[in-house]
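Working notes, beginning with the structure itself.
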Amino acid sequence: GVLNANDGYASLITRSRMLSPPPCSRCDNQATDWMKSQGQSCETGTWQIQNKCNQDPTWISAGYCRKSCFEAGRGYGDDNACCPDATTVKECTNCDDTPTTWMTSNNQTCDTATWSIRNKCNADVSWQSAGYCRKSCFDAGRGYSNDNCCSCTECDNTPTHYMTSQGESCETGTWYIQNNCQENTAWADAGYCRKSCFEAAQGYEG
């Protein structure tokens with residue numbers, strides 16, 4: 001199994017393929033106590049995975065969310081590759097998106113109630129119990145435990161009436177994309193240029 005520099009190129013390739021791959025580790029995925037108290041897991045706590053992992057000394061020391069950190073390219077330095085799960089990938093579910101009674105009485109939907117999605121979802125016991133705005137919460141990285149909601153992959157790309165009157169489309173109206181999308185409530189409510197906003201990393205929640 002040891003490569004020899006005197007071997008021919010074809011022989012080196014053949015023998016290298018016979019070498020055993022680096023061993024993988026069966027990584028755990030332990031959430032912090034704070035994440036658990038907020039109803040979050042390593043799979044749903046996307047903010048923590050993006051901002052903690054190998055950037056936080058406490059996380060490094062405790063090895064929190066080891067598997068999720070590794071899969072996000074933010075693994076701990078002493079980790080070998082984490083072995084894939086032996087079980088099949090969990091199929092997604094067509095989650096509903098039911099607003100609270102208060103939201104309905106105030107003409108809000110899960111798509112438009114951005115404050116509620118940011119501050120409720122898996123951080124609110126009553127929301128967890130009732131499963132309010134299940135899909136919007138999941139898409140915002142604040143999904144309920146064990147949820148795996150299917151996501152729509154086809155986005156429309158409808159410009160505003162003003163853009164149309166000026167001969168602009170969502171693809172050509174770069175100024176509008178840079179200055180509206182998430183920053184303009186009217187755009188967020190109507191979902192203007194949904195695809196172009198998403199591609200510019202300015203996508204709407206939900």
Side-chain angles (χ1 to χ4, degrees), residues 24-104 106 108-152 181-183 185 188 197-198 201-206:
C24 65
S25 302
R26 187 65 63 185
C27 300
D28 57 15
N29 220 19
Q30 184 67 35
T32 67
D33 291 336
W34 183 89
M35 291 170 68
K36 293 176 184 176
S37 72
Q38 300 297 308
Q40 295 186 15
S41 67
C42 297
E43 290 82 1
T44 61
T46 53
W47 187 93
Q48 282 76 20
I49 300 303
Q50 292 168 1
N51 293 276
K52 299 289 187 176
C53 294
N54 57 15
Q55 300 297 315
D56 188 297
T58 302
W59 277 53
I60 295 171
S61 176
Y64 291 127
C65 297
R66 188 175 298 276
K67 184 172 184 293
S68 292
C69 287
F70 177 82
E71 291 175 346
R74 301 173 61 80
Y76 304 117
D78 59 348
D79 282 350
N80 291 320
C82 292
C83 298
D85 291 333
T87 57
T88 56
V89 176
K90 180 182 176 184
E91 292 185 3
C92 68
T93 302
N94 290 319
C95 298
D96 57 18
D97 222 16
T98 305
T100 66
T101 303
W102 183 90
M103 290 167 65
T104 301
N106 285 272
Q108 293 188 14
T109 66
C110 298
D111 294 319
T112 61
T114 54
W115 186 92
S116 297
I117 299 301
R118 292 194 199 102
N119 294 277
K120 299 290 186 176
C121 295
N122 57 18
D124 187 291
V125 175
S126 64
W127 275 52
Q128 291 181 51
S129 178
Y132 292 127
C133 298
R134 188 175 298 276
K135 184 175 185 302
S136 292
C137 288
F138 180 84
D139 289 344
R142 301 176 61 79
Y144 303 118
S145 179
N146 296 321
D147 270 359
N148 185 28
C149 300
C150 300
S151 298
C152 177
C181 294
Q182 293 178 348
E183 304 299 320
T185 303
C197 287
F198 177 82
Q202 295 285 327
Y204 305 121
E205 292 187 9

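All values below were derived from every heavy atom in this structure, side-chain atoms included, with hydrogens, water molecules and symmetry-related copies excluded.
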Could you go through residues 125-133 and list every donor-acceptor pair under 3.5 Å that involves a side-chain atom there, pairing it with any protein atom two or more places apart or in another chain?
from   : atom 1 : to     : atom 2 : distance (Å)
Ser126 : OG     : Asp124 : OD1    : 2.4
Gln128 : NE2    : Asn122 : O      : 3.0

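- Considering all non-hydrogen atoms of both residues, Asp28 and Gly63 come closest at OD1-O, 4.2 Å.
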Exercise answer: donor-acceptor pairs, residues 30-38 side-chain atoms, under 3.5 Å, sequence neighbours excluded:
from  : atom 1 : to    : atom 2 : distance (Å)
Thr32 : OG1    : Met35 : N      : 3.1
Ser37 : OG     : Trp34 : O      : 2.6

Stepwise disulfide (SG to SG under 2.5 Å) check, Cys69 with Cys42: CA-CA 8 Å; Cys69 287; Cys42 297; over 6 Å; no
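- Atom CD1 of Ile49 and atom NZ of Lys67 lie 11.0 Å apart (nearest 0.5 Å).
- Note that CZ of Phe138 is 12.0 Å distant from SG of Cys121, once rounded to the nearest 0.5 Å.
- A pairwise comparison of heavy atoms in Arg142 and Gln40 identifies NH1-NE2, 4.2 Å as the closest pair.
- Residue pairs meeting the side-chain hydrogen bond (donor to acceptor under 3.5 Å, both in side chains) criterion with at least one member in residues 52-62, sequence neighbours excluded, are Lys52-Asp56.
- Legend: residues meeting side chain to side chain donor-acceptor pair (under 3.5 Å) with Thr101, ordered by chain and number and at least two apart, are absent.
- Glu43 pairs by the side chain to side chain donor-acceptor pair (under 3.5 Å) definition with Asn29, Ser41, not counting sequence neighbours.
- Contact check for Gln108 versus Trp102: side-chain heavy atoms found under the 4.5 Å cut-off.
- By the side chain to side chain donor-acceptor pair (under 3.5 Å) test, Thr100 is found to be paired with no residue, residues two or more places apart in sequence or in another chain being considered.
- The shortest heavy-atom contact between Asp111 and Ser136 is OD1-OG, 3.8 Å.
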Stepwise, does the side chain to side chain contact (heavy atoms under 4.5 Å, CB included) test hold for Cys110 with Met103? CA-CA 8 Å; Cys110 298; Met103 290 167 65; 4.3 Å; yes
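- Put simply, CG on Asp97 and OG1 on Thr109 are 7.5 Å apart, with the number rounded to the nearest 0.5 Å.
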